[in-house]
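Each remark here refers to the structure printed beneath this line.
Just so you know, residue 1 is the first one in the sequence shown, and it goes up from there.
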Amino acid sequence: MHQLLTQFTVRWLSLMTGAAHATTALRAMTRHAPESDPDDEVPRELPTVPLPTVAVPSVPLATWPKPA
């Protein structure tokens, strides 16, 4: 049991260290990234597109569920 606890503890520590390193690296990349142009931003309101309507055939409820 002791060896299993040690193995899981080491793996957990390496996972947390890796996550912290990745977060630090991403924040550093964000700090050094050039500012975005206002023209590159996506407009806040996207145009609405009407959804296609499909006629659903009406089925009498007496036919469902089908008897076995």
Side-chain angles (χ1 to χ4, degrees):
M1 181 68 185
H2 182 266
Q3 291 176 344
L4 188 61
L5 180 62
T6 303
Q7 182 180 8
F8 284 140
T9 303
V10 169
R11 288 187 180 193
W12 183 81
L13 285 173
S14 64
L15 177 67
M16 292 300 115
T17 305
H21 173 66
T23 304
T24 304
L26 288 174
R27 286 183 181 164
M29 288 171 47
T30 304
R31 280 194 302 268
H32 298 297
E35 293 293 325
S36 63
D37 294 334
D39 297 335
D40 293 341
E41 294 182 10
V42 178
R44 295 218 183 257
E45 293 184 20
L46 296 176
T48 57
V49 178
L51 296 174
T53 56
V54 178
V56 178
S58 62
V59 179
L61 291 177
T63 62
W64 185 85
K66 294 182 180 180

Indicate every side-chain donor-acceptor pair of residues 25-33 with a distance under 3.5 Å to a residue at least two apart or in another chain.
| from | atom 1 | to | atom 2 | distance (Å) |
| --- | --- | --- | --- | --- |
| Thr30 | OG1 | Leu26 | O | 2.8 |

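The other members of the hydrophobic cluster of Trp12, by chain and number, are Leu13, Leu15, Met16 (side-chain heavy atoms under 4.5 Å, ILVMFWY only).
Exactly one residue among Leu4, Leu5, Val10 makes a side-chain contact (heavy atoms from CB on, under 4.5 Å) with Phe8. That residue is Leu4.
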